[in-house]
Amino acid sequence: MDLLNAPERSLRDEPNLALLEKQRAQADPRKILADRVEQLYAQLWIAILGAFAVGGIATFELWEPRYRGLMLFWWGLVLLTTLASTSLLVSYRRSPNKLDQAEQWLRWHGLAALAIGSVWGFAGAVFFPAHTGEQQVFLAFLLAGVVTGGIPVFSGSWPIFAVFAASVLLPFTYILATFGNRLFMELAALAPVFYAVNVAIAYRLASVFSTGYRLRYAYSELTDDYRILNKRLGDQLLELQEAGRQVEESGRKLALFADRAPIAVIEIGTDGCIQQLNPSAEALFGYAPAELLGKPIQTLVAPAAQAAFQQQWQTLVETGSPLLAQLMRNLRRDGLEVVCEWTVTPLVNPDGRVLSVVAQGRDMSSQLEAERMKKEFTSTLSHELRTPLTSIIGSLQLVNSGVMGGVDKDVLELTVIAERNGQRLLDLINDLLDVEKIRAGKFDITLESLAIDDVLKEALVLNRAFAERYRVELKAADSLPAACVCADRKRLLQVLTNLISNAAKFSPAGETVDIGLQQQSHSVRVSVQDRGPGIPADFRAKIFTRFSQADAATARQKGGTGLGLAICKHLIELMHGAIGFQDRPGGGTIFWIEIPMQDVSQTNKEN
Amino acid sequence: MPTRPLEKVLYVEDDEDIQRIVRMSLERVGKMSVEIVSNSSQAIDRMKAFKPDLVMLDWMMPEMDGPTLFRAMQQDPEVASLPVIFITAKASPRELEELVRLGAKGTISKPFSPKDLPDQLRGLWHALPD
């Protein structure tokens, strides 16, 4: 988990909460309407029961045998509206979608109100003229009561009440106005006033209800907000707990890694004091557990390295850039010095300020000692083997050259063999030392300007005797083109000797090894062409790798270590040249090298 | 280039076999007069007595190695001007260059060819400034 980003995460990004908020914002007016409709239907049964009951009382009071048919018809209307309204109420109650169809239910409710009102309007219009004095007063009061009673029932929607009241009063007012009686006409004139007062009261009530609903939703919004906030807080708490758990876990892991690591791990404050270190560090420097805590890191730096360390530390804390594979002389508790390799990583906060520095180090003393011993061994090998070989080869050479006087022919044959094999042993030692130098990357090359034709002639002279032994003739063009190359003379001779002696070794007796020299645009190409058996296909890819010889039997017969070409390739590459081979038309192989021509900028470059 | 031929060579070397081979090479092949010194601490005194044309120093010797002896020679006005050639089986090209820079007139690496050694020395001798 990304601890840094978690608190910044916007709460509105969470999809479920966003949906909730959206719904709340959209649902507001629809929900208020639906609630009003709900209220209207909740009170409809009062209207139904009221109409039914008052209808019964009115029938009883107004019953006269001569109007029997009319009364029964009216009573039928009452029954019909009662049943219709009841079934409407029942359908509303069963409706699964009161919210979306609120407007439709409101219209149906308006129709029901109109029907109920009309039944009473009918009663007023029909029964008032048909009855006399007392009954007319009863009816007038009854109708006024019905209208007034409608206020609480229909005030959820004042227009419905207005329709209801109008349907009750309009026919009655018309009858009053047209009755021809002055009192009734005055009453008819009062009816609209009565109507208006009632509608005003209903309107007022309706707006009180509306305000009530709005407040209810405002409150519910607040509750929602609170709930959402609560949920967010809960979620954040969970995230924090999870983050805390992860931090703790990785902390535990890290501590475990550091504790068990075979390398020294030290955390150093910017004040240069040791804040934490692992057992390996304590063991490396010979301190007891916790003994180094709070001590300055300089405690662990050898006196001779103090000045340099101080400077490095300063830079490290200021720049916050890490150090890799830094060798340093360190001081143990017992006063011994060890050389350690350090990887130093400053812990930097987002502002770029260094908080602390973690140093990981390992003791290099034994490795350095091993390297030193190896170097010494190589050097000793070089000296101790070459010195006796100098005596062996030197003695035999003096004998074989005849300066010591005549020697018996058989003895001479043996001393020649001895000298040749002494030389072979020397070549082997030289090759091994060269390979070791290549491996250690310590091959010294001194590039100088050389006349390649002179070097080539020298190589021919040096190898003539060797070639004669295989009865092979070395042949070069009479006039070689003169060109200056940039190379190491001794090493170039070594490469040429290697290629020429190889060519001689693998050529059949009586053949010729042709040596060519061509000048190219930026380099000179020397080619050594033999009539040997060629390079086997499966050997071509690894011919320049170490210890590779095409045929072990040939190797024993012809000598050689299998190192020569690998060394040649390395030497030529150190001289910025190239080496390769190709089949020679008519049989045999052409080995070639390309050496860059003299370029002032490349003189005296060393590996 | 010295006008007279190379005649007297002094060689400081601790290995007796190599001493004998060099003596044979220079006396028999090169027809020169050779003085061999086994102990490098006596070398300067022997140089003063023998007055060689040229001094050959082995690199690695017990007591005092070739380069140290060379530096000691340079401190002694009587032998400081003697041309010195190092014979070595060990030194890297860089170390040899360093010796030449300090004043050595040449280096010959071991194993050398006793047949060719006199010619090599004469070549270096003739290359010396007069």
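Lettering follows sequence order; numbering is per chain, from 1.
Enclosure of atom NZ in Lys48(B) by more than 12 non-hydrogen atoms of other residues, nucleotides or ligands within 6.0 angstrom is indicated. Heavy atoms from other residues, nucleotides or ligands lying under 6.0 Å from CZ of Arg471(A) number 12 at most.
Contacts of residues 365-373 of chain A with chain B at a heavy-atom distance below 4.5 Å are absent; not one residue qualifies. Residues from residues 15-27 of chain B that place a non-hydrogen atom less than 4.5 Å from a non-hydrogen atom of chain A comprise Asp15(B), Asp17(B), Ile18(B), Ile21(B), Met24(B), Ser25(B), given in numerical order.
Atoms CG and OG, on Leu398(A) and Ser113(B) in that order, are 8.0 Å from each other to the nearest 0.5 Å. Atom CZ of Phe112(B) sits about 13.5 Å away from atom CZ of Arg386(A), to the nearest 0.5 Å. Interatomic distance, CD of Glu13(B) versus OG1 of Thr390(A), reported as 8.5 Å (0.5 Å rounding).
Legend: salt bridge (charged side-chain N to carboxylate O under 4.0 Å, His left out) pairs involving residues 50-68 of chain B, not counting sequence neighbours, sorted by first then second residue: Arg4(B)-Asp53(B), Asp58(B)-Lys110(B).
Summarising the geometry of Gly394(A) relative to Pro114(B), their closest heavy-atom pair is O-CG, 3.0 Å, with the distance given to 0.1 Å.
Note on Asn400(A), Leu426(A), Leu385(A): by heavy-atom pairs under 4.5 Å with chain B, the leading option is Leu426(A).
Residues forming a side-chain hydrogen bond (donor to acceptor under 3.5 Å, both in side chains) with Lys8(B) (at least two apart in sequence, or on another chain): none.
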